[in-house]
Asks: 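Got a structure for you, questions after.
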Amino acid sequence: SLKVWSVADGQLQRSLGHHTEAVHALAFRPAGNGPATCASAGDDRTVRLWQPEIGRMVRIVRKHHGPVLALAWSPDGHQLFSAGQEGIIRRIDGDSDLIEQQWPSGPDWIYALAVSPDGTTLAAGDWSGTVRLHPLQTPEPEGP
């Protein structure tokens, strides 16, 4: 579960316990995109989005076929990237549960993701110690 603590006095404010297995990744959405939102991911093969200030789970993203070990938001907060045991990176729409795009990064488990400050490159670090750089492009809009 996730725990929300008060910065002022160190007291536990709430526990967010909807994951059914271990949680491995947590990432806060950049400010300026509505209420404070964070994403969590783990062994239950889901990414969950939360409003931690009120303890509400906003949405759940399924369709991962293995544990999710890494998360990263785009600098503008419009896209969330996930990756894990499968070695596949997924681009998730920041305002829905839609997986916009997915692609393989390499043969190993991905443990770390980071988006460049200008939002043009995604770095993915895997089990072998390799860091691969992926150029990011806006996905093509779906047809009518």
Asks: Would one find more than 12 heavy atoms of other residues, nucleotides or ligands at under 6.0 Å from atom CZ of R59?
Replies: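 Counting other residues, nucleotides and ligands, CZ of R59 exceeds 12 neighbours.
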
Asks: Okay, side chain of E86, backbone of H65: is any donor-acceptor separation there less than 3.5 Å?
Replies: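 Looks like yes, one N/O pair under 3.5 Å.
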
Asks: Can you tell me which residue among I99, V47, T37 is in a side chain to side chain contact (heavy atoms under 4.5 Å, CB included) with L80?
Replies: V47

Asks: From Q79 CD over to L136 CG, what is the distance, rounded to the nearest 0.5 angstrom?
Replies: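 It is 7.5 Å, given to the nearest 0.5 Å.
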
Asks: Tell me whether the rings of W127 and Y111 are parallel (<30°), tilted (30 to 60°) or perpendicular (>60°).
Replies: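 Plane angle between 30° and 60°, so tilted.
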
Asks: side-chain hydrogen bond (donor to acceptor under 3.5 Å, both in side chains) with S40: which residues, sequence neighbours excluded?
Replies: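 By the side-chain hydrogen bond (donor to acceptor under 3.5 Å, both in side chains) rule, S40 matches H19, W50.
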
Asks: More than 12 non-hydrogen atoms from neighbouring residues, nucleotides or ligands closer than 6.0 Å to CD on Q13, yes or no?
Replies: yes

Asks: So, T46 side chain and R48 main chain: donor-acceptor pair closer than 3.5 Å or not?
Replies: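 Answer holds: no.
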
Asks: Can you tell me how far the NZ atom of K63 sits from the CZ atom of R45, to the nearest 0.5 Å?
Replies: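 Answer for the NZ-CZ pair, K63 versus R45, is 14.0 Å.
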
Asks: Which residues pass the side-chain hydrogen bond (donor to acceptor under 3.5 Å, both in side chains) test with S6, not counting sequence neighbours?
Replies: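 Partners of S6 by the side-chain hydrogen bond (donor to acceptor under 3.5 Å, both in side chains) criterion, ordered by chain and then number, come out as D9.
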
Asks: Please name the pair of heavy atoms, one in F28 and one in P52, separated by the smallest distance, quoted to 0.1 Å.
Replies: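 For F28 and P52, the tightest heavy-atom pair comes out as CE2-CG, 4.0 Å.
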
Asks: Can you see whether S105 engages H134 through a side-chain donor-acceptor pair at a distance of less than 3.5 angstrom?
Replies: yes

Asks: Between L71 and L113, does a side chain to side chain contact (heavy atoms under 4.5 Å, CB included) hold up when you go through it step by step?
Replies: CA-CA 6 Å; L71 296 169; L113 292 173; 5.7 Å; no

Asks: Could you work out, with salt bridge (charged side-chain N to carboxylate O under 4.0 Å, His left out) as the rule, every residue matching R132, not counting sequence neighbours?
Replies: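 Only D126 meet the salt bridge (charged side-chain N to carboxylate O under 4.0 Å, His left out) criterion with R132.
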
Asks: Side chains of residues 117-124: which donor-acceptor pairs under 3.5 Å do they make with residues two or more places apart or in other chains?
Replies:
| unit_1 | atom_1 | unit_2 | atom_2 | d |
| --- | --- | --- | --- | --- |
| D118 | OD1 | S116 | OG | 2.7 |
| D118 | OD1 | T120 | N | 3.0 |
| D118 | OD1 | T120 | OG1 | 2.7 |
| D118 | OD2 | T120 | OG1 | 3.2 |

Asks: What are the two closest heavy atoms between Q51 and P35, and how far apart are they?
Replies: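 Minimum heavy-atom separation between Q51 and P35: NE2-CG, 3.3 Å.
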
Asks: Let me check something: do W103 and L133 share a hydrophobic cluster, defined by ILVMFWY side-chain heavy atoms less than 4.5 Å apart, either directly or through other members?
Replies: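 Cluster IDs for W103 and L133 differ.
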
Asks: According to side-chain hydrogen bond (donor to acceptor under 3.5 Å, both in side chains), who are the partners of D97, at least two apart in sequence or on a separate chain?
Replies: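 If we apply the side-chain hydrogen bond (donor to acceptor under 3.5 Å, both in side chains) test to D97, skipping adjacent residues, there are no hits.
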
Asks: Taking all atoms of both residues into account, what is the closest heavy-atom pair of L49 and V61, and its distance?
Replies: CD1-CG2, 4.3 Å

Asks: OG/S82 to CD1/I89 distance, rounded to the nearest 0.5 angstrom?
Replies: 9.0 Å

Asks: Can you name the side-chain hydrogen bond (donor to acceptor under 3.5 Å, both in side chains) partners of Q102, sequence neighbours left out?
Replies: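 For Q102 the side-chain hydrogen bond (donor to acceptor under 3.5 Å, both in side chains) partners, ignoring immediate neighbours, are R90.
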
Asks: Do you know which two heavy atoms are closest between V68 and H24, and how far apart they sit?
Replies: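 Here V68 and H24 meet closest at O-CB, 3.9 Å.
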
Asks: Using only atom types and a distance under 3.5 Å, with no angle test, would you say the side chain of W109 pairs donor to acceptor with the backbone of G87?
Replies: no

